[in-house]
Amino acid sequence: MAIGVKALPLSFVVHALGVAGLVMVLVWCIHFRGGLAWESSDKSLIFNIHPVLILIGLIIIGGEAIIISYKALPLKKEVKKLIHLVLHAIALILGIVGIYAAFKYHNESSIANLYSLHSWIGIGVIVLYGIQWIYGFIVFFYPGGTDAIRRESLPWHVLFGLFVYVLAVSNATLGFLEKLTFLENSGLAKYGSEAFLVNFTAIVTVLYGIFVILTALSQAPAEVDYSYTAI
């Protein structure tokens with residue numbers, strides 16, 4: 001299914017929202033929350049790695065993997081496939097490290113793990129993301145399925161990928177809400193600049209996800225043909 005809109009203009013909106021989201025989450029975690037650290041006596045600095053890597057990895061790079069590879073650039077099919085595969089691999093790795101950072105923070109702070117809906121969905125997202133990547137690699141890249149298997153798998157691969165991505169965006173938004181609620185219960189001003197920044201970062205995340213889906217459903221540019229033609 002495709003909507004009657006060119007993909008390229010929508011992709012510019014996606015890129016702009018991605019940059020905005022990246023800047024906002026870094027300002028929040030570095031300026032307001034004190035920075036990032038893998039080892040620190042201030043355990044909150046370890047946690048700060050979590051939202052940064054999840055937003056950069058699963059949301060921003062994951063979204064770019066969808067639109068850059070197949071919707072934004074008029075490249076050859078094999079080049080698009082490789083970009084798609086590599087960007088999703090990077091997104092998956094960053095997502096895994098981001099989730100590990102949350103577990104590390106909890107363990108070193110004597111906080112229970114996997115007690116919230118956000119954490120449950122997060123584990124589900126990373127598992128599904130990994131399954132989707134492995135299946136795509138085996139069927140569409142190497143060793144590659146038969147033409148019949150690829151043809152039958154492609155619509156489901158696309159649909160399942162979009163489902164996992166929407167789930168990731170939704171859970172990221174839930175994570176912003178959860179963390180902000182914890183901070184406000186600990187004394188953070190509900191109408192202060194940090195609270196507004198977190199809420200607007202969540203809004204930008206949702207808008208980014210919406211425009212990724214719209215771009216994925218829009219009309220892709222024609223593939224570049226590098227073959228020789230008669231003059």
Side-chain angles (χ1 to χ4, degrees), residues 1 3 5 7 10-29 47-72 83-85 87-102 114 116-133 136 156-182 195-218:
M1 182 183 70
I3 59 176
V5 179
L10 290 176
S11 71
F12 292 148
V13 179
V14 173
H15 302 327
L17 288 170
V19 171
L22 172 62
V23 171
M24 293 169 79
V25 76
L26 288 175
V27 169
W28 175 41
C29 290
F47 174 82
N48 291 345
I49 296 173
H50 174 70
V52 170
L53 291 189
I54 293 298
L55 190 65
I56 294 174
L58 295 183
I59 308 304
I60 296 177
I61 296 179
E64 295 287 355
I66 294 172
I67 66 165
I68 285 182
S69 53
Y70 286 107
K71 293 294 183 176
I83 293 173
H84 185 73
L85 180 77
L87 287 180
H88 273 310
I90 295 171
L92 180 60
I93 292 170
L94 292 179
I96 291 171
V97 175
I99 289 176
Y100 179 76
L114 300 175
S116 67
L117 178 63
H118 171 66
S119 61
W120 293 358
I121 296 176
I123 294 298
V125 166
I126 204 69
V127 170
L128 293 176
Y129 207 112
I131 292 172
Q132 172 81 342
W133 189 89
W156 294 105
H157 181 69
V158 172
L159 182 62
F160 187 71
L162 292 178
F163 165 74
V164 173
Y165 186 72
V166 169
L167 195 61
V169 171
S170 302
N171 199 46
T173 307
L174 184 61
F176 284 121
L177 172 62
E178 180 178 280
K179 183 60 176 179
L180 183 58
T181 301
F182 289 157
F196 278 114
L197 176 62
V198 175
N199 282 330
F200 277 114
T201 305
I203 291 172
V204 168
T205 301
V206 171
L207 290 175
Y208 182 86
I210 290 173
F211 275 93
V212 165
I213 300 302
L214 289 176
T215 306
L217 298 176
S218 61

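In this chain, residues are counted from 1 in sequence order.
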His50 to Ala102 - nearest heavy-atom pair and separation: ND1-CB, 3.6 Å
Is the shortest heavy-atom distance from the side chain of Ile54 to the side chain of Ile99 under 4.5 Å? yes
Leu128 side, atom CG; Phe160 side, atom CZ - distance, nearest 0.5 Å: 4.5 Å
Does the plane of the ring in His84 sit parallel, tilted or perpendicular to the ring in His88? Use 30° and 60° as the thresholds. perpendicular
For Leu117 versus Asn171, what's the shortest heavy-atom pair and its separation? O-OD1, 4.4 Å
Check whether any side-chain heavy atom of Leu114 lies under 4.5 Å from a side-chain heavy atom of Ile123, and answer yes or no. yes
At their closest point, which heavy atom of Leu87 faces which heavy atom of Ala65, and how far apart are they? CB-CB, 3.5 Å
At what distance, to the nearest 0.5 angstrom, does CG of Leu58 lie from OH of Tyr165? 9.5 Å
Please round to the nearest 0.5 Å and tell me the distance separating atom NE2 of His15 and atom CG of Leu17. 11.0 Å
Could you check whether any side-chain N or O of Tyr208 sits under 3.5 Å from a backbone N or O of Ile60, counting only pairs where one atom can act as donor and the other as acceptor? yes
Nearest heavy-atom contact between Cys29 and Pro51 is SG-CG, 3.7 Å
Here the gap from Leu22 atom CG to Ile56 atom CD1, rounded to the nearest 0.5 Å, amounts to 5.0 Å
Phe47 atom CZ: more than 12 heavy-atom contacts under 6.0 Å: yes
From the list Val212, Val206, Ile213, side-chain contact (heavy atoms from CB on, under 4.5 Å) partner of Ile210 resolves to Val206
Starting at CD1 of Ile66, measure out to CD1 of Ile61 and round the result to the nearest 0.5 Å. 12.5 Å
What one should report as the nearest heavy-atom pair of Leu162 and Ala216 is CD2-CB, 4.2 Å
In chain order, what residues pass the side chain to side chain contact (heavy atoms under 4.5 Å, CB included) check against Ile203, with sequence neighbours excluded? Phe200, Leu207
In Å and rounded to the nearest 0.5 Å, what is the CD1 to CG distance from Ile93 to Leu53? 11.5 Å
I need the minimum non-hydrogen distance between Phe176 and Val198, along with the two atoms involved. O-CG1, 3.9 Å
